[in-house]
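For reference, the structure discussed in these notes is given below.
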Number of protein chains: 2
Amino acid sequence: MGASEDGARATIRAVAALAGVSPSTVSRTLNNPELVNAETRRRVLECAERLGYQPNRAAQSLVLGRTMSVGLIVPDIANPFFAPFIKGVEAYFRQTGYAVFLADTDEDGATEVRLAEAMVERADGLILCSPRMSGMRVRSIAAKLPVVLAHRLSRTVPSISMDVQPGIEQAVTHIHALGHRRCAYLSGPRDSWSNRQRRKALHDRCAERGIELVVLGPYEPRFTGGYRAADEVLAADVTAVFAYNDLVALGVRSRLEGRGVRVPGEISVVGFDDIPMASMTSPPLTTVAVPVPAVARGAAAMLLARLVGGAPGAPPPPPAPELATRLVIRSTTGPT
Amino acid sequence: MGASEDGARATIRAVAALAGVSPSTVSRTLNNPELVNAETRRRVLECAERLGYQPNRAAQSLVLGRTMSVGLIVPDIANPFFAPFIKGVEAYFRQTGYAVFLADTDEDGATEVRLAEAMVERADGLILCSPRMSGMRVRSIAAKLPVVLAHRLSRTVPSISMDVQPGIEQAVTHIHALGHRRCAYLSGPRDSWSNRQRRKALHDRCAERGIELVVLGPYEPRFTGGYRAADEVLAADVTAVFAYNDLVALGVRSRLEGRGVRVPGEISVVGFDDIPMASMTSPPLTTVAVPVPAVARGAAAMLLARLVGGAPGAPPPPPAPELATRLVIRSTTGPT
DNA sequence: ACTCGTACCACAAACGTTTTCATACTCCCG
DNA sequence: CGGGAGTATGAAAACGTTTGTGGTACGAGT
């Protein structure tokens with residue numbers, strides 16, 4: 001770093017003075033190089049380099065009216081389902097010069113709203129991942145800055161989600177083929193859009209095949225939630241359970257085993273998400289895999305498009321085909 | 001939300017005009033209320049409320065010279081060890097009005113440096129979690145903005161870490177008591193400070209008790225790393241292994257089981273970190289628990305102190321007593 | 001030689017705050 | 001009744017950029 005730094009950061013004026021030009025010329029060399037003479041450009045660039053000049057972000061933001069950062073709000077960083085999502089979004093924006101603010105709502109709707117409101121001041125755009133807040137709230141926030149919803153679809157706000165149908169179709173077919181006729185769905189948070197999605201799809205597919213589906217819960221979408229669910233599952237007299245997500249599935253399995261119930265011997269368990277852990281436990285979990293990185297990239301791309309393209313028009317594109325879910329059969333499902 | 005918003009955000013001038021005062025008075029009402037007349041204050045506040053006025057962050061940053069945001073750089077968000085850390089830091093700063101930028105280095109030293117450099121422009125301070133970069137790099141960055149190191153100790157830069165000794169002491173005692181005399185350490189990333197810490201402590205304690213310690217690796221600190229390690233473990237002819245972290249421990253256990261080796265029947269496994277997953281697998285993992293939330297709070301507090309208190313003096317305080325690690329005995333360790 | 005065009009650059013305004021300094025008013029005391 | 005001490009407010013500078021407007025110099029065309 002061949003910069004001769006005297007503690008204080010170099011301003012544009014300093015490099016202008018050093019190069020013997022005006023600040024505007026420096027600005028232009030940096031932002032519209034083609035507008036300045038080659039020789040001047042060289043000199044300015046050299047001086048900027050020498051002083052280690054970095055434009056002041058605040059000043060830029062002030063005049064340009066944008067902060068070059070975006071917000072990302074997720075329900076729970078500790079939930080392994082969101083890690084690849086966060087990584088995906090971050091990776092995408094890294095190349096674009098945008099920084100991303102991350103916030104964690106602790107699965108709480110009120111916190112979510114507070115955080116989103118706070119983001120309005122600091123970010124140019126916002127990605128709401130699996131938001132819990134009401135559609136009205138979402139619209140109110142979307143009115144203040146570009147928002148895209150991930151893992152939740154909306155007609156009024158650009159949004160992206162995976163297509164839950166194929167995976168659930170496959171799961172129900174699988175369970176039906178194994179001979180199960182009475183199953184349970186362990187539901188997730190009541191205000192979660194994806195919970196409603198999953199429940200409905202499951203309900204429809206089961207009905208089609210004459211499988212009786214009892215809905216249990218809601219349970220908190222963590223390991224401990226599944227733990228709680230297990231006892232209610234045993235009371236419900238079912239031979240297979242679909243869990244809201246893998247964490248819950250893992251929880252049930254663990255508790256079931258603790259109570260001496262064999263999985264899949266006596267009860268089959270199907271998870272949702274296919275988090276890394278799902279393949280690591282023994283027995284590994286049968287689960288519906290979700291193309292999280294694709295959703296993440298999609299969400300990021302949509303937001304970026306709204307950020308650079310001025311037109312707020314263009315209605316949300318339909319879920320792309322690569323966003324389909326699919327069943328991954330491992331070892332927690334077996335014949336009745 | 002009784003704001004009458006006409007799309008464009010209200011400026012301080014707008015509320016000044018509405019309240020019939022000068023912008024300076026509005027600014028004072030908001031920042032030094034005691035300096036303005038009670039009646040004026042009431043009126044200004046009301047007008048601000050009515051317009052939904054929110055000070056423009058960029059403008060504030062520009063004049064105040066601070067951005068009210070801090071950076072947090074971690075090696076891997078997907079690693080469950082870091083989730084509570086991130087949450088802890090975020091929760092701490094949430095109350096202080098600072099926002100936190102999160103970045104993920106993908107366990108890569110070069111990426112880490114790049115990200116840290118990028119943070120310099122946008123944040124007032126920086127928390128480097130388990131940094132891989134060289135001490136020189138760290139100092140170079142610390143020269144540009146307040147930095148605190150977490151999970152790595154330094155004499156020149158404020159830093160905080162847990163005390164690894166008690167946990168390792170307990171683990172070695174435990175393993176020794178179970179009759180093991182030849183063990184392996186599955187090392188983590190070569191450039192990781194905590195890896196060196198753990199290896200050294202382990203080495204010393206084992207030597208004291210006449211336990212032979214063979215060091216294997218390095219392995220990448222994930223599940224798959226442990227998978228790879230398992231085969232080398234079998235070749236090393238040991239009866240117990242200490243893994244760099246829980247993910248690796250889980251990986252070995254899984255692969256060992258896959259090769260028909262019973263844990264803890266034939267080989268005992270000790271992890272490190274006590275991530276949530278450690279207690280969920282079967283058998284649950286014996287591991288050295290790390291007080292991550294305490295470290296997170298400590299790091300955040302140290303950074304905040306440097307941010308508000310002007311004096312950069314005060315040398316880093318020694319690790320507080322509550323930051324001790326401790327062994328959690330579960331079911332992956334047993335007698336030889 | 002004069003004009004016109006082009007290429008390059010400087011000047012200055014603007015972005016929305018905070019804060020210093022000055023001013024006007026009020027009140028109290030001598 | 002005049003002056004000094006507060007108290008409350010306004011005017012203006014400053015923070016570091018970007019960008020529109022205008023001016024200068026130079027070459028070419030008539």
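Within every chain, numbering begins at 1; the chains are lettered A, B, ... in the order of the sequence lines, protein sequences first and strands thereafter.
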A:Asp108 bridged to A:Arg132 by N-O distance under 4.0 Å: no

Base D:dG10 to side chain B:Arg13, donor-acceptor N/O within 3.5 Å cut-off: no

Sugar-phosphate, base or nothing in reach of A:Gln54, heavy atoms under 4.0 Å: sugar-phosphate

Carboxylate-amine/guanidinium proximity below 4.0 Å for A:Lys144 and A:Glu117: yes

For chain A, the stretch of DNA chain C it reaches, first to last nucleotide, under 4.0 Å of its heavy atoms: C:dC8 to C:dG16

N-O pairing of B:Glu121 and A:Arg57 below 4.0 Å: yes

Rounded distance in Å - CG (B:Leu62) to C1' (D:dA13): 13 Å

Whole-Å gap separating P (D:dT9) and CG (B:Asn32): 14 Å

Length of the CZ-C1' vector between A:Arg28 and D:dT18, whole Å: 9 Å

A:Pro33 backbone acceptor or donor facing A:Arg28 side chain under 3.5 Å: no

Touch class at under 4.0 angstrom, heavy-atom based, for A:Thr11 against every strand present: sugar-phosphate

Contact nearer the 5' end of DNA chain D, comparing A:Thr25 with B:Asn37: B:Asn37

Gap between atoms CG and C1', on B:Leu64 and D:dA14 respectively (whole Å): 12 Å

Sugar-phosphate, base or nothing in reach of B:Val36, heavy atoms under 4.0 Å: sugar-phosphate

Charged N-O contact under 4.0 Å between A:Asp124 and A:Arg66: no

Charged N-O contact under 4.0 Å between A:Arg42 and A:Glu39: yes

Touch class at under 4.0 angstrom, heavy-atom based, for B:Ser61 against every strand present: nothing

Main-chain N/O of B:Arg122 paired to B:Thr67 side chain as donor or acceptor, under 3.5 Å: yes

Distance, rounded to the nearest Å, where A:Leu30 contributes CG and D:dT19 contributes C1': 15 Å

Protein-nucleotide distance (B:Ile12, atom CD1; D:dG10, atom P), rounded to Å: 12 Å

